[in-house]
Structures are given as structure tokens and as C-alpha cells.
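Quick note on labels: first sequence line is chain A, next is B, and so on, each numbered from 1.
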Number of protein chains: 2
Amino acid sequence: MDPFLVPFGTPRPERADAVRNREHLLRTAREMIAAEGVDKVTMDGLAERAGLGKGTVFRRFGTRAGIFRALLDADERRFQEQVLSGPPPLGPGAEPVERLIAYGRARTAFLLDHQAIARAGLDRNRPVPASGASLTQLHLRMLLLQAAPMPHLDAVTVQLTAALEGPLVLYLSRPEGEAPLDPGAAGFFGDAWQTLIERLVHGPQAAPARDSRHDSRHDNGHDSRRGDRKGAP
Amino acid sequence: MDPFLVPFGTPRPERADAVRNREHLLRTAREMIAAEGVDKVTMDGLAERAGLGKGTVFRRFGTRAGIFRALLDADERRFQEQVLSGPPPLGPGAEPVERLIAYGRARTAFLLDHQAIARAGLDRNRPVPASGASLTQLHLRMLLLQAAPMPHLDAVTVQLTAALEGPLVLYLSRPEGEAPLDPGAAGFFGDAWQTLIERLVHGPQAAPARDSRHDSRHDNGHDSRRGDRKGAP
DNA sequence: CTGCGAAACGGGGTAAAGTCCGCTTAGGCT
DNA sequence: AGCCTAAGCGGACTTTACCCCGTTTCGCAG
């Protein structure tokens with residue numbers, strides 16, 4: 001009976017029933033989202049449909065937004081893996097600039113794919129660092145440091161993080177009316193990001209950012225046509 | 001008698017009592033905010049304290065966030081005036097690059113000043129363009145076009161808007177616990193913005209060397225992150 | 001001054017998030 | 001196996017944004 005075997009650091013393992021319930025809730029939430037959309041998912045509704053008490057739902061996720069964050073987490077982890085140990089240029093091995101550009105494109109596509117849930121994971125009255133954003137921040141900081149050391153690096157990193165994640169999570173989301181945002185937008189913002197990065201690193205003389213020949217599997221249909229103006233509502 | 005005198009375009013003037021009540025509500029709201037902070041302002045509380053019905057409050061502002069947007073509006077308009085017809089470099093007359101930089105600094109300071117209210121004006125489930133952001137977008141677009149024409153201008157503009165406004169309304173706000181964000185942050189993000197713009201326009205060879213007390217190659221006196229259980233592997 | 005239609009008002013009603021606390025149960029210990 | 005306690009559970013309760021609709025008021029025309 002030595003209580004010092006695990007003095008700190010391991011808060012305690014999670015009880016089996018708790019795990020079971022969490023997974024059941026997550027599964028149920030996914031069903032409800034697929035069936036009726038994110039904002040038809042209410043805490044009472046979820047609890048009832050899962051056959052559990054409302055208190056349990058809150059105990060597991062803390063807040064409504066917490067559910068969506070948990071839902072996103074699995075995919076986020078997969079994305080993270082691609083970045084940390086996948087093939088270049090997204091993963092390690094390519095030049096920093098290439099990686100910056102690849103990261104921006106991949107992240108844009110990711111956010112577009114997960115737009116509804118990512119948005120629902122936001123929490124009025126809490127800052128954003130919803131795990132995803134902070135990875136972006138860390139990663140951008142590292143690559144920027146290598147690719148183009150500059151003054152005020154930390155603040156610039158925060159701003160570029162916002163530039164990358166802000167538009168898709170915040171500025172352009174459709175309220176709930178159908179139109180889940182033209183999928184071409186991914187390529188569109190990806191191209192813009194590339195322009196931004198290339199100019200940051202090489203200056204304006206760099207060749208125009210056409211021809212994104214980044215051809216990993218994240219390339220969900222960018223049949224983007226140029227020349228359209230009007231960027232946002 | 002002639003209903004075609006004002007056929008369209010002028011929905012109708014606002015009734016005198018309506019105006020009076022709106023102003024009274026705004027005044028009351030300001031008092032409550034000053035006394036107890038933004039999130040102690042509830043619709044019922046405001047209505048009661050103003051001696052009006054709850055329905056009236058909603059009729060005037062539509063939604064809770066609407067109140068804060070209305071509150072911000074006056075200051076926002078004043079800011080807008082400085083930009084559109086104040087003295088350079090913020091107002092017209094200076095070089096586009098100068099104006100871009102000045103705008104970023106001024107906007108940063110503005111947002112920092114109005115952080116609490118701006119944040120409260122956000123509306124879960126509606127995109128952001130809360131009037132303020134769209135002015136930023138328009139203005140940035142115009143100046144960018146003059147200062148450094150580039151491909152994908154519209155999307156880049158959206159991203160830069162996010163870079164400018166995102167950090168202060170989203171990524172860095174204090175939940176409600178005191179610490180209203182170090183006022184030095186204004187200069188900090190202003191400097192970062194300047195770096196960003198100068199590199200976008202001139203490339204990395206440009207010598208920054210500007211005012212401001214930050215001049216190291218990469219400073220780091222910046223809040224990185226708070227208690228984050230099990231950080232990223 | 002009087003009548004009238006549209007706008008504004010009031011406040012009770014609903015739905016959904018989040019809190020509390022007494023009861024139940026998993027799972028380590030003896 | 002039986003105990004014991006912290007973790008987990010449920011659901012009533014509270015708070016708040018937001019809706020609805022019968023009633024009141026404004027302000028214009030005659």
C-alpha cells in the first residue's frame with residue numbers, strides 16, 4: 001500500500017464504464033450529425049438518444065463544444081502524424097519553404113473538410129487554442145525560423161496562424177444554410193497561402209504562385225479556375 | 001396620398017420612442033459593462049435595469065451580440081473616419097505601404113482597446129464580417145492592389161484580414177479572468193504586422209529598423225501557452 | 001381633434017447549456 | 001469473497017437567450 005508508487009503525473013486511469021460511455025456518446029454524436037447536422041445536436045438530445053443521463057455527457061466532455069473537439073481529435077491526430085512523420089513535402093525531408101506551402105495547403109483542405117465540426121468546437125468565452133491551432137502555431141514557427149528568420153517571429157507566427165485558420169473557421173463559414181462552401185475554395189486559399197509564403201521568403205520578384213504541383217492524396221479536386229474576383233461575402 | 005413618393009430604398013423612418021429606447025438601452029448597457037463587465041450583461045437584466053420589457057431589447061438589437069455590435073459601432077465609425085479622411089499616414093495621402101502599416105498598427109490598437117466588447121459582439125453561428133472586419137478587408141484590398149499587385153489577391157486579402165483581426169479577437173483573448181492582455185501587445189503585434197507587410201512588398205532584404213523597443217532578431221517575451229494538459233507528443 | 005394602421009412594447013413561454021448532489025458501481029485491497 | 005472508497009451516474013434545478021402574440025402607442029391624414 002505504497003501511495004508513492006505513482007505520486008504524480010498519472011492522474012489516474014479511466015474507469016472501464018467511463019470509456020465505454022464516452023465511445024458510445026461519440027458514436028451517437030456522429031450519427032446525429034450525419035442525420036441532422038451539427039446544430040441539431042443538443043446535450044439533452046444526445047444523452048437521451050444514447051440512453052444516458054445528461055450529467056454523464058457533461059462529465060465526459062465538459063461542454064458542448066468539447067464534444068466536437070473530441071470528435072475532431074482523432075482526425076487531427078492523423079493529420080498531425082502526416083506532418084510529423086509522413087512523406088515530404090508535408091512531412092520532414094523537404095526544404096522549409098516547401099514544407100510551409102505544403103502545410104498550408106494540407107491544413108486548408110483539412111479545415112474545409114471538417115468545417116462544420118471545427119466551427120462547432122469553438123467556444124464562446126474561451127480563447128481558441130483548440131489543440132489544432134497550437135500545433136499549427138508550433139509548426140509554422142519552426143519552419144519560419146528555418147526558412148526566413150525575421151524580427152518579431154513569435155507575433156508573426158500568431159498572425160500567420162490566424163491567416164491560415166481564420167478564414168475557414170470564421171470568416172467564411174456558411175451560417176447553416178446548405179452551401180457548404182465551394183470545395184474549390186481549398187485550392188483557392190491554398191494558392192493564396194503559397195503566394196503569401198513565397199513573398200515572405202523571396203520577395204515580390206518570385207515567380208507567380210501558379211502550378212501547385214503538390215500532388216499528394218490530399219488533393220481533393222481543385223479544378224480552380226483563375227480570374228475570378230470577389231473573394232468573400 | 002401618393003405611396004410612390006418613397007417607393008423603395010427607404011424602409012421607413014424609425015419611430016421617436018424607438019430611438020429614445022435604443023439610446024437608453026445603449027447607455028444602460030455601457031453602465032452595466034463598466035460596473036460589472038461584459039458577461040454580466042444579460043438580456044433580462046438589461047431590460048429590467050432600463051425599466052423596459054425584454055421583448056423590447058430583442059426588438060432593438062435582435063440578439064445579445066447585437067447589443068455589443070451596436071456599442072462598438074460608434075467607435076468603429078470614428079475609426080473609419082480617420083482612415084477615410086484623417087491625416088496621413090493613416091488617412092489618404094501617404095504611400096500605400098505606409099498606409100498599410102499605419103492601418104495595421106491603428107487597427108491593432110483599436111481592437112485591443114475594445115477587446116472585451118468586440119469579442120462579445122461575436123455571434124456563434126454567423127460568419128464574422130461584423131462590419132468592422134469587412135472595412136478592414138476592403139481597405140486592405142485596395143492598398144495591396146496599389147502597393148504590391150499579386151496573384152490571388154482576394155484570397156490573400158481575406159487571409160491578411162484574419163492575420164490582423166484574428167489574434168486579438170480570438171486567439172489571445174483572456175477568458176474573463178482579469179489580465180486584460182498586456183497593453184504592450186499592441187506594439188508587439190503592430191511591429192509584427194509591419195514586418196509582414198514590408199516583406200510582402202519588398203522582400204526579405206528590406207531593413208526593418210523602425211521605432212519600437214523591440215529590435216532583437218527574435219524576441220520572446222511573449223506568452224506562449226497556459227496550462228495545457230498533455231501537450232503535443 | 002379624431003380615427004386608424006403600422007410600429008413598438010411587454011412579459012410569459014420555450015429550449016438548451018450548464019450545475020448540484022445524493023445514489024450506484026467498478027475495481028483494488030485484504 | 002467481501003469491503004471500501006473514489007469515480008461515475010442520473011436527472012432535477014437554474015440560468016439565459018430568444019420567440020410569440022395580445023395590447024399600447026405613435027404619428028399622419030382628414
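- Aromatic ring centroids of B/Tyr103 and B/Phe110 lie 6.0 Å or more apart.
- Along DNA chain C, the nucleotide closest to B/Glu14 and the one closest to A/Gly55 are compared, and the more 5′ of them pairs with B/Glu14.
- Here the P atom of nucleotide C/dG12 and the CG atom of B/Asp44 are 11 Å apart, to the nearest Å.
- Closest contact between the side chain of B/Thr42 and the listed nucleotides D/dA12, D/dC9, D/dA17 involves D/dA17.
- Contact of the A/Phe58 side chain with the A/Met43 side chain is registered, since non-hydrogen atoms from C-beta on lie closer than 4.5 Å.
- For D/dG8, neither phosphate oxygen OP1 nor OP2 lies less than 4.0 angstrom from any side-chain nitrogen or oxygen of A/Arg22.
- Taking atom CD1 of residue B/Ile67 and atom P of nucleotide D/dC18, one finds them 9 Å apart after rounding to whole Å.
- Closest to the side chain of A/Thr63, from the set C/dG12, C/dA8, C/dG18, is C/dG18.
- Rounded to whole angstrom, the span from the CG atom of A/Leu46 across to the P atom of D/dC9 amounts to 13 Å.
- Look at CE on B/Met32: it is 10 Å from P on D/dT16, rounded to the nearest Å.
- Whole-Å rounding puts the A/Phe58 CZ to D/dG8 C1' distance at 16 Å.
- Rounded to whole Å, atom P of C/dG12 lies 12 Å from atom CD of B/Glu48.
- Proximity of B/Leu196 to A/Leu196: side-chain heavy atoms (C-beta onward) are nowhere separated by under 4.5 Å.
- Under a 4.0 Å N-O distance rule, the pair B/Glu23/B/Arg60 does not qualify as a salt bridge.
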Are any protein N/O atoms closer than 3.5 Å to N/O atoms in nucleotides 23-26 of chain D? If there are, list each pair with its distance.
| residue | atom | partner | partner atom | Å |
| --- | --- | --- | --- | --- |
| D/dT25 | O2 | B/Arg15 | NH1 | 3.3 |
| D/dT25 | O2 | B/Arg15 | NH2 | 3.2 |
| D/dC26 | O4' | B/Arg15 | NE | 3.4 |
| D/dC26 | O4' | B/Arg15 | NH2 | 3.3 |

Q) Step by step, would you call B/Arg69 with B/Glu76 a side chain to side chain contact (heavy atoms under 4.5 Å, CB included)? A) CA-CA 10 Å; B/Arg69 256 174 291 155; B/Glu76 193 83 70; over 6 Å; no
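- If you check D/dG8, C/dA8, C/dA17 against the side chain of A/Lys54, the one that comes closest is C/dA17.
- Annotation: side chain of B/Val41 is in contact with side chain of B/Phe68 (closest heavy-atom distance under 4.5 Å).
- Base engagement by A/Arg59 is indicated by at least one non-hydrogen atom pair under 4.0 Å involving a base atom.
- In this structure, the side chains of B/Arg78 and B/Asp75 come closer than 4.5 Å at one or more pairs of heavy atoms.
- Regarding A/Phe61, its CZ atom lies at a distance of 14 Å from the P atom of C/dA17, rounded to whole Å.
- The CG-C1' distance, from B/Asn21 to C/dG10, rounds to 12 Å in whole Å.
- In this structure, B/Thr56 reaches the C/dG10 phosphate: one of its side-chain N or O atoms is under 4.0 Å from OP1 or OP2.
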